[in-house]
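Each ligand, and each atom within it, is numbered from 1 in the order the structure gives. Side chains are part of it too, since the values below use all heavy atoms of this structure and drop only hydrogens, waters and symmetry mates.
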Amino acid sequence: MTKEAQSEKQTFQAEVQQLLDIVIHSLYTDKEIFIRELVSNAADALEKLHHLQLKKSDIFEADKELEIKISLDEETGTITIADTGLGMSREELIENLGTIAHSGSKKFLQSLSESGQKESNLIGQFGVGFYSSFMVSDDVEVFSRSWKNDGESLCWKSDGKTGYTIEQVEDQDRGTRIVIHLREDQKDFSKKATVQKVLETYSNFVPFPIQLDGERINKVEALWRKNKSEISDEEYKEFYHFTAGAFDEPRYRMHFSADAPIEINALLFTPSENQELWGMGQMEPGVSLYCKNVLIDDKPKGLLPDWLRFLKGVIDSSDLPLNISRESMQDSALIQKLNRVVTRRFLKFLGKEAKSSPDSYIEFYKKFNRFLKEGVASDPDHQEGLAELLRFQSSMTENGELTSFEQYLDRAKDDQKQIYYLIADDRKAIEAGPYLEAFKSRGIEVIYFLEPIDDYVVSRLAKYKDKDLISADRADIELDDSELEEKGERLGDEALESLCKFITEELGEQVEKVEASDRLIDSPAATFDPGDQMSAQMRRMMQALNPDEPAPPVKVNLQINPRHELIHQLSKAQESNPGLAKLVAAQVLDTSLLASGLLDDRTSLINRGFDLMKSALAEKK
Ligand code: ADP
Ligand code: MG
């Protein structure tokens, strides 16, 4: 081939031509991504050379430092990106820059023809690799000198329209130097401040030095790809502050790498403070996604479950394509895999921490339990793992002390088939109420759920391991009486039957059923949920949400304690003073409803209370 023939114009492959046509005419606004694409190509070329160095001894300019140099010239309006990587031979220039080489651009074209979307949206989603340089220029020169000792010094040149030329040029350094002559309206990219900002956003962790007009830009090391033993606590902390934009001490740090089922390097932190508790609104996802140290997305949706939005740090996977679309991220099988693997690892990690340093875990839990509970309620995939991490008070903990389902089951008798809980605003309300006594007297532990969201969370959880979670105010719970110490004489069956009938007739609508119960020990009576009622907390919430609607009707079982003095007296009064007995029956129900938080209107309770006092005093006269 003669020199002239070599510099003859070559035409682009049809697809490249189509792509370039779109790139040049697109109104895509984030044109700055061309810098990310070219720097990432340079980093790839350096990494490939680094691998060659390990295998081969005959590399051209073998001692040259591996680095990326970017230089700007405002006067001529150029930006030059040079690397000392493996360079390209003539064939490689033709193959790599003249045909659709990389899968991102292929997908771009495909989805363009399929979706009918505006191309400007799609460019951002896929990135268009090297060709993105034509978004800002219609005159790009690629000088390249291959690593092979007998390589040529070449210049590939194109206006990005019809084709390109390749010429032999005077001796070049090893690697590739791309000179972009910026279009008039894109001259901003020859300004240092502009370019520096773009580099700091996308390329801070590129593992080779990047110099911008002689100044080193990427100073922060990609700690996540380093060996744990080579990193000090101080470095970790500094990195956390840098990536999370935070100032506090991280409470937990999880640094791991894996090769299967997907290549992952992750470095994750939990903060010590929960900003959502300060009323600052919902946090954005705080874990950035990288591919080989190059940023893909700093707030990726779908990379981790929503409830993990308090995590900070970096996940890096070289299995990801650099140009993965933000929009299709959640659908990507790779992202879903990353999501699953990292979430599981993190839950396991927390479980270990909770065991080895329980005090520290409780401190964490007190600030971050909302997120875990949100996960229990919204994420069936990780519900079981999350449930193990829940902590709560119970009838067997000291005031304020927290326990777990695991510990509950350790304490429970082997034949206990269910896990019991009560929901209320505070511990006192539960312990003063009528439901606990049946369980306490039988030595059965009852969990106390004391937060507004707990109601929703337990109802979504429904089970722990193979045991159903049952509210201790359910009417249909059967408890073993064999070891129970009985208090007081039991009212006869006949008298009980007649009393229940009397009360049922008197109270009509409000009760589904009146029955004698051995679940009550110290209380004379209590209302129980026949099994289909919403909890008092839920009712209150509904009422708060719809203040104009009538309160949902209440239908309860009223259980009476056949050993209680009041019930004995009521049974007698049924014959001797039916008027008073009716008053008392109504008052027993209203008081029981009040105790369980189900009484909507207190007026009759109060008035009847005064009437009863009046009759009590009249009697004594
Ligand atoms: P991708 O990087 O996804 O492969 P690009 O369009 O960014 O797609 O680049 C196309 C190809 O051109 C690369 O795969 C690589 O082989 C080659 N290339 C681009 N830039 C360089 C460079 N600086 N040094 C060596 N080869 C390069
Ligand atoms: Mg590329």
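- When distances to the Mg ion (ligand 2) are checked against a cut-off of 2.8 Å, N41 contributes an N, O or S atom below that limit.
- When non-hydrogen atoms are compared, ligand 1 lies under 4.0 Å from the side chain of D83 (C-beta onward) but not from its backbone.
- A cation-pi contact, defined as under 6.0 Å to the ring centre and within 45° of the axis, links R345 to F256.
- Within a 6.0 Å sphere centred on NZ of K352, other residues, nucleotides and ligands contribute 12 heavy atoms or fewer.
- Under 4.0 Å from ligand 1, the heavy atoms of L97 that appear belong solely to its side chain.
- Residue N41 has at least one nitrogen or oxygen atom sitting less than 3.5 Å from a nitrogen or oxygen atom of ligand 1, judged on distance alone.
- At a heavy-atom cutoff of 4.0 Å, ligand 1 is contacted by no atom of E37, backbone or side chain.
- Some N or O of F130 is nearer than 3.5 Å to an N or O of ligand 1, by distance alone.
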### Message
Determine whether K187 and E184 satisfy the following criterion, salt bridge (Lys or Arg N to Asp or Glu O under 4.0 Å), listing intermediate values before the conclusion.
### Response
CA-CA 6 Å; K187 290 268 154 77; E184 207 48 53; 3.1 Å; yes
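- Residue K48 has no N or O atom closer than 3.5 Å to an N or O atom of ligand 1.
- Closest to atom 12 (O) of ligand 1 by heavy atom, among L46, N96, L86, T176, is N96.
- A 6.0 Å sphere centred on CD of E75 holds no more than 12 heavy atoms belonging to other residues, nucleotides or ligands.
- Applying the ring pair (Phe, Tyr, Trp, His ring centres under 6.0 Å) test between Y252 and each of F349, F346, F269, Y365 identifies F349 as the sole match.
- D316 contributes a side-chain N or O that, together with a main-chain N or O of N293, makes up a donor-acceptor pair within less than 3.5 Å.
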